[in-house]
Amino acid sequence: MEKLIITAAITGAATVPSLTPYLPITPKEIADSAIDAAKTGAAIAHIHARRPEDGFPSSDPALFEEIVHRIRERSNVIICITTGGSTLMTIEERTAVIPMLVPEMCSFNLGSINFALHTALPGIQTFKYSWEKEYLEKSKDFIFKNTFKDFEYLCGIIQKTHTRPELEIYDVGHLYNLDHIVSKGFLSPPFHLQFVMGVLGGIRGNPEDLTFLLTKANVLFGKNNFTWSVIGVGASEINLSTMAIHMGGHVRVGLEDNIYLKKGVLAKSNAELVQKIVDLAGMLNRDIASSEEARQILCIT
Ligand code: KMH
Ligand code: ZN
């Protein structure tokens, strides 16, 4: 079986700082955390930026530039920059950094969905920053917008920069959206599919949902035309990761997607979450891909 590619999603935009004191916020913290995750076994670091003073999700290219520069100085990890940003940003804000920094990979969200975060509210007693409560509350009425026009806009950037997309699929319709984009000649195989499961608004993180997505992807694209990875958002992380390791898929973990090491125990770092996957892969006899090996598997030239 192909070696296992672990992606570490370092900070994201869905996790608010009050949920965990271990969330990297400043460019230095984000870069250091990505480097530690890579030393532990992550081949890819998925990167968002936050305003250093209060952790608010940011699209400021200067912050991304500092993060990328700091990582590049000390690590060969594949950098995958978000184009999802946060639900409050426009597609132009979300993607501006790609032509500027030309990362090896960027995320590509394949459909508009509800991306509800308000269920985190009851778990927070005191808010560290004033923006967090409203941010979570408002998510109840926000659409994470990724239209066909947005796809074409992002495909234009990807074609110019030769950035490899991490194709984020939150529901089965997103596979059909990809099929449509492909039929119009905007993207071509091989694809790297990232099944994002467990977001409130998307498909849940049940075993049969993963096999369903995979079956559909096989039918639409043919099993030799894509690699796949899974994100189990929240509690489904470890179960879906186990399935993916066993079934020949790849895995994304990190504080962007899940803040717990196990029930009731916060992960103290992204590296801890990566280590858990390394241990699991060891038990399931799956070797871990280095960044260089991941480049070959994902056809990053
Ligand atoms: N936070 C993940 C559930 C992106 O950055 O493009 C989705 C994500 C979006 O990674
Ligand atoms: Zn992200």
Side-chain angles (χ1 to χ4, degrees), residues 6-16 19-20 23-24 30 33-34 37 42 44-50 55 57-59 63-64 67-68 78-98 101 103 105-117 119-120 135-136 139 142-147 150-151 153-155 157-158 163-171 174 177-178 192-205 209 213 229-237 240-241 250-259 270 273:
I6 304 174
T7 298
I10 307 300
T11 187
T15 310
V16 299
L19 285 169
T20 170
L23 192 68
I30 292 168
S33 188
I44 304 173
H46 172 86
I47 300 293
H48 288 243
R50 292 179 182 269
S58 173
S59 59
L63 293 173
F64 280 97
I67 294 165
V68 168
I78 297 168
I79 294 177
C80 174
I81 293 187
T82 181
T83 65
S86 86
T87 46
L88 303 176
M89 299 170 195
T90 64
I91 187 73
E92 289 81 9
E93 288 168 333
R94 285 159 44 181
T95 54
V97 75
I98 306 302
L101 298 179
M105 294 186 82
C106 69
S107 64
F108 189 126
N109 292 274
L110 273 164
S112 302
I113 55 162
N114 295 322
F115 203 127
L117 307 170
T119 50
Y135 184 78
L136 295 178
S139 73
F142 264 122
I143 308 283
F144 182 31
K145 178 182 159 296
N146 298 288
T147 60
D150 297 336
F151 301 154
Y153 183 77
L154 182 50
C155 285
I157 293 174
I158 281 172
T163 304
R164 195 93 174 84
E166 174 199 19
L167 295 160
E168 302 209 343
I169 289 139
Y170 299 73
D171 221 327
H174 297 188
N177 292 350
L178 175 59
H192 184 54
L193 309 181
Q194 183 69 267
F195 298 125
V196 189
M197 305 179 67
V199 170
L200 182 55
I203 203 162
R204 284 204 182 155
D209 291 323
L213 289 175
S229 172
V230 73
I231 304 171
V233 175
S236 60
E237 183 175 86
L240 291 174
S241 299
H250 303 281
V251 170
R252 179 174 120 174
V253 291
L255 296 168
E256 169 165 350
D257 305 320
N258 165 46
I259 57 174
N270 281 295
L273 291 163

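When a ligand or atom number is given, it counts from 1 through the structure's own listing order. For clarity, every value in this text was computed on a predicted model and none was experimentally measured.
Side-chain contact between V68 and P103 is absent, with no heavy-atom pair separated by less than 4.5 Å. Residues I231 and M197 are not in side-chain contact: their nearest non-hydrogen atoms beyond the backbone lie 4.5 Å or more apart.
Atoms of ligand 1 found under 4.0 Å from any heavy atom of E256, numbered from 1 in the order shown, are 1 (N), 2 (C), 5 (O), 7 (C), 8 (C), 10 (O). Close approach of ligand 1 to V196 is summarised as follows: ligand atoms under 4.0 Å from at least one heavy atom of the residue are 3 (C). Of all atoms in ligand 1, listed by their number and element, those nearer than 4.0 Å to a heavy atom of F115 are 3 (C). Close contacts between ligand 1 and G84 involve ligand atoms 4 (C), 6 (O) [criterion: under 4.0 Å to a heavy atom].
T83 places no side-chain N or O within donor-acceptor distance of the main-chain N or O of T95, the cut-off being under 3.5 Å. Under a 3.5 Å cut-off, the side chain of N258 and the backbone N or O of G232 do not form any donor-acceptor pair.
No part of A14 comes within 4.0 Å of ligand 1, judged by heavy-atom distances. At a heavy-atom distance under 4.0 Å, no atom of F144 approaches ligand 1. Residue R94 does not touch ligand 1, judged by heavy-atom distances below 4.0 Å. Contacts with ligand 1 closer than 4.0 Å are made by no heavy atom of I231, backbone or side chain.
The OG atom of S112 sits 7.5 Å away from atom CD1 of I143, with the distance rounded to the nearest 0.5 Å. The CG atom of D257 lies 10.0 Å from the OG1 atom of T7; values are rounded to the nearest 0.5 Å. For the atom pair CG of N146 and CZ of F115, the computed distance is 10.0 Å after rounding to the nearest 0.5 Å. Going from atom CG of L255 over to atom OG of S33 covers 6.5 Å, rounded to the nearest 0.5 Å. Atom CZ in F144 sits 8.5 Å away from atom OG in S86 (nearest 0.5 Å). Note that the CZ atom of F195 and the CG atom of D171 stand 11.5 Å from one another [nearest 0.5 Å].
Protein atoms of type N, O or S found under 2.8 Å from the Zn ion (ligand 2) total 3.
Contact between Q194 and ligand 1 is absent, with no heavy atom of the residue lying under 4.0 Å from the ligand. Within the structure, ligand 1 has H46 among the residues with a heavy atom less than 4.0 angstrom away. The shell of residues lying under 4.0 angstrom from ligand 1, judged by heavy atoms, excludes M197.
Under 3.5 Å, the side chains of R50 and T11 contain a donor-acceptor pair of N or O atoms. Between the side chains of E166 and Q194, at least one donor N or O sits under 3.5 Å from an acceptor N or O.
The nearest protein atom to atom 5 (O) of ligand 1, hydrogens excluded, is given as T82 OG1, 2.6 Å; this is a heavy-atom distance. Protein heavy atom in closest approach to atom 8 (C) of ligand 1: E168 OE1, 3.0 Å. For atom 6 (O) of ligand 1, the closest non-hydrogen atom on the protein side is S107 OG, 2.6 Å.
Contact check on E237 versus R252 returns no salt bridge, with no Lys/Arg side-chain nitrogen under 4.0 Å from an Asp/Glu carboxylate oxygen.
For ligand 1, the polar-atom distance check finds no N/O of Y170 at less than 3.5 Å from any of the ligand's N/O atoms.
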